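Notes follow the structure.
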Amino acid sequence: MFMKTSLKQFKRIVEYVKPYSKLFVLSVVITFFLAFIAPARVLLTQYMIDHYVRNPNLPMLLNCTLGLIVLLVMEGVMQFAGSYISSLV
């Protein structure tokens with residue numbers, strides 16, 4: 001009896017969610033993208049310290065720092081977009 005009711009409710013929920021399926025998929029894709037960006041910042045920082053701070057190479061240190069700033073801005077924009085899209089679903 002419980003299983004029938006649960007399945008019936010699940011089908012009703014799926015009917016309501018269908019119009020938002022593209023937004024839901026986009027939200028999931030953004031979430032996975034953010035999951036890969038966060039460790040990239042740490043790895044880039046570690047690489048910068050190991051290669052360009054210990055053995056001073058100012059031009060490459062500047063390039064990596066700019067890359068890190070771009071990565072941080074991109075992550076912030078993606079977090080905002082993910083939160084906004086998730087709120088629409």
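Computed from a predicted structure; not experimentally measured. Atoms considered below: every heavy atom in the structure, side chains included; atoms not considered: hydrogens, waters and symmetry mates.
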*asked:* By the side chain to side chain donor-acceptor pair (under 3.5 Å) test, which pairs, at least two apart or in different chains, include something from residues 62-84?
replied: Arg41-Glu75

*When clusters are formed by joining ILVMFWY residues with side-chain heavy atoms under 4.5 Å apart, either directly or through shared neighbours, do Ile30 and Phe80 land in the same one?*
no

*Joint hydrophobic cluster, Ile49 plus Val42, side-chain heavy atoms closer than 4.5 Å*: no

*Between Leu66 and Val70, is any pair of side-chain heavy atoms under 4.5 Å apart?*
no

*asked:* Nearest 0.5 angstrom please: Leu88 CG to Leu23 CG, how far?
replied: 6.0 Å

*How long is the span from the CG atom in Leu68 to the OG1 atom in Thr45, to the nearest 0.5 Å?*
4.5 Å

_Do Phe24 and Phe32 sit in one hydrophobic cluster, given that two such residues count as connected whenever their side-chain heavy atoms are within less than 4.5 Å of each other, even indirectly?_
yes

*Hey, could you give me the CG/CE distance between Leu34 and Met74, rounded to the nearest 0.5 Å?*
9.5 Å

*Among all residues two or more places apart in sequence or in another chain, which pass the ring-ring contact (aromatic ring centres under 6.0 Å, His included) test with Tyr47?*
His51, Tyr52

*Any chance you could pull the hydrophobic cluster mates of Val25, using side-chain heavy atoms under 4.5 angstrom and chaining through other members?*
Val29

*Give, for atom OG of Ser86 and atom CG of Leu26, the distance between the pair rounded to the nearest 0.5 Å.*
9.0 Å

*Which distance, rounded to the nearest 0.5 Å, do you find between the CG of Leu61 and the CG of Asn55?*
11.5 Å

*If Ile, Leu, Val, Met, Phe, Trp and Tyr residues are connected whenever their side-chain heavy atoms lie under 4.5 Å apart, and connections chain through other members, are Leu72 and Phe33 in the same group?*
no

*Does some side-chain heavy atom of Leu58 sit less than 4.5 Å from a side-chain heavy atom of Leu62?*
no

*Report yes or no: do Met78 and Ile85 belong to one cluster of Ile/Leu/Val/Met/Phe/Trp/Tyr joined by side chain heavy-atom distances under 4.5 Å?*
yes

*asked:* Once rounded to the nearest 0.5 Å, what's the spacing between atom CG of Leu7 and atom CZ of Arg12?
replied: 13.0 Å

